[in-house]
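Comments concern the structure below.
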Protein chains: 2
Amino acid sequence: MTPAPTSRDRILTAARALFAEHGYTRTTLRAIAADAGCDVALIPHYFGNKQGLFDAATDLPVPEEALRSPVLAAPLDRIGLAVAQALVTVWDTPEGAGMLAQLRSVLDDTPERLSLLDSPVWRHVRARLEEDGVDQPELRVELAVGTLVGTVLMRTFLGSPHLSKVDTAELIRMLAPALQENLTGDLGAC
Amino acid sequence: MTPAPTSRDRILTAARALFAEHGYTRTTLRAIAADAGCDVALIPHYFGNKQGLFDAATDLPVPEEALRSPVLAAPLDRIGLAVAQALVTVWDTPEGAGMLAQLRSVLDDTPERLSLLDSPVWRHVRARLEEDGVDQPELRVELAVGTLVGTVLMRTFLGSPHLSKVDTAELIRMLAPALQENLTGDLGAC
């Protein structure tokens, strides 16, 4: 039997959903507590303050190692697939709502506009491209983040009728070729 | 000598900038009038109401024909480039701020979540893919919109350090291969 979620878990789940829907500024602790069905005083108890709760809710929901190994192990001509697998798999878990929350809040109003680029996966991809002598690794990672962010937005907030219906495995296969172009294709070709 | 912009032009310019920055709901007519340096009563005079002003500010800033011909004329294996040329060229004009305004407002709160997919360019691309017997044209267009939307967001609101520095022609060349994969690549390849 699955144990009942603790108050802390319920607060995190509610926080992910509300931060994703409304962004950081427009989400109140009171609304999160109401959704979680607990006393608002529990939030400072567990998380310190709103920023602390946001950080916990948007934490990468898998160990960093789980993202690093596939990116480092993939042949360079399959790195688009490795990145798609690592990231889409994370986004499509229930905790992936935390990634959406981060994206929504970055778009809205948080000062840390570039937190998306600091994620460990992209750090490893950049390092990998540099090692393998691919030109313009930083720009390529920004292009790949753009492809992924746009696709996720289409799948969620922008509610694309077809893209929101494909399953995780299909989405990974569909995204891989475009990410591969971003990361290792000829950027000057025309 | 370029003629001085009319009040109507100044209102449109201010509206594009403010709708892009804050989205539809959070932008007031008063703020737009203040930025344009004109009386707020001129806005209903020229545009009827806030929605009328938004529609005018986010109107496609080029004749539809200018977008249609390149998409129809391109060989299928260069359609990614044709789409990138048509759309990036529009986004990167001063009036392109209207497209950003639309994107920001769609993300924020407008009811018409799918207006992006209704744009004439995508309609022509869908028709073109159907004519040429490419599988899943609707899904492919959604993927391509995602790639473009994500890239534009990285270049603007998300402030990517490298991507925001490339010029229009470079961006077109960089985006073309990923868009080509989205539109004609093997979506099931792995």
Side-chain angles (χ1 to χ4, degrees), chain A residues 22-23 26 78 80-81 84-85 103-104 106-109 113-117 136-155 157-166 169-183 185-190, chain B residues 22-23 26 78 80-81 84-85 103-104 106-109 113-117 136-155 157-166 169-183 185-190:
Chain A
H22 305 295
R26 288 185 282 179
R78 314 249 302 171
L81 179 63
Q85 270 166 340
L103 178 56
R104 157 62 78 200
V106 169
L107 280 172
D108 257 25
D109 43 28
R113 301 221 141 207
L114 289 174
S115 55
L116 285 169
L117 289 172
Q136 309 191 74
E138 314 235 343
L139 180 63
R140 287 177 181 280
V141 166
E142 292 177 20
L143 279 170
V145 172
T147 299
L148 198 79
V149 161
T151 307
V152 169
L153 287 177
M154 291 297 284
R155 200 164 154 80
F157 302 134
L158 300 177
S160 307
H162 297 82
L163 205 46
S164 49
K165 275 190 217 112
V166 303
E170 285 170 316
L171 185 64
I172 289 170
R173 282 195 303 270
M174 285 172 193
L175 264 173
L179 289 173
Q180 188 70 42
E181 283 294 343
N182 291 152
L183 295 174
D186 183 352
L187 292 186
C190 215
Chain B
H22 306 294
R26 286 184 283 178
R78 316 251 299 173
L81 179 63
Q85 271 167 340
L103 178 55
R104 155 62 78 201
V106 169
L107 281 172
D108 256 27
D109 43 28
R113 302 224 138 205
L114 289 175
S115 54
L116 284 169
L117 289 171
Q136 308 191 75
E138 314 235 342
L139 181 63
R140 288 177 181 279
V141 165
E142 292 177 20
L143 280 170
V145 172
T147 300
L148 199 78
V149 160
T151 308
V152 169
L153 287 177
M154 291 298 284
R155 198 165 156 80
F157 303 133
L158 301 176
S160 307
H162 297 82
L163 205 45
S164 49
K165 275 191 216 111
V166 301
E170 286 171 315
L171 184 63
I172 289 170
R173 282 195 303 270
M174 285 172 192
L175 263 173
L179 289 173
Q180 187 70 43
E181 283 295 344
N182 291 152
L183 295 173
D186 183 351
L187 292 186
C190 213

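Note that these values count all heavy atoms, side chains included, but never hydrogens, waters or copies made by symmetry. Residue numbering restarts at 1 for every chain, and letters A, B, ... go by the order of the sequence lines.
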request  = Could you tell me the separation between the OG1 atom of Thr147(A) and the CE atom of Met154(B), rounded to the nearest 0.5 Å?
outcome  = 9.5 Å
inquiry  = Tell me whether Glu142(B) contacts the main-chain N or O of His162(A) through its side chain, where contact means a donor paired with an acceptor under 3.5 Å.
reply    = yes
query = Checking heavy atoms, do the side chain of Val152(A), its backbone, both or neither come under 4.5 Å from chain B?
reply = neither
query = What part of Leu153(A) is in contact with chain B, defined as an atom under 4.5 angstrom from a non-hydrogen atom: side chain, backbone, both or neither?
reply = side chain
query = Heavy atoms, side chains only, cut-off 4.5 Å: are Leu143(B) and Met174(A) in contact?
reply = yes
task = Name the option with the most non-hydrogen atom pairs under 4.5 Å to chain B; the candidates are Thr151(A), Val166(A), Leu163(A), Leu148(A).
result = Leu163(A)
query = So which heavy atom on Glu181(A) is nearest to which on Pro177(B), and how close?
reply = OE1-CB, 3.2 Å
key: Point-to-point distance, once rounded to the nearest 0.5 Å, from CG of Leu175(B) to CG of Asn182(A)   = 8.0 Å
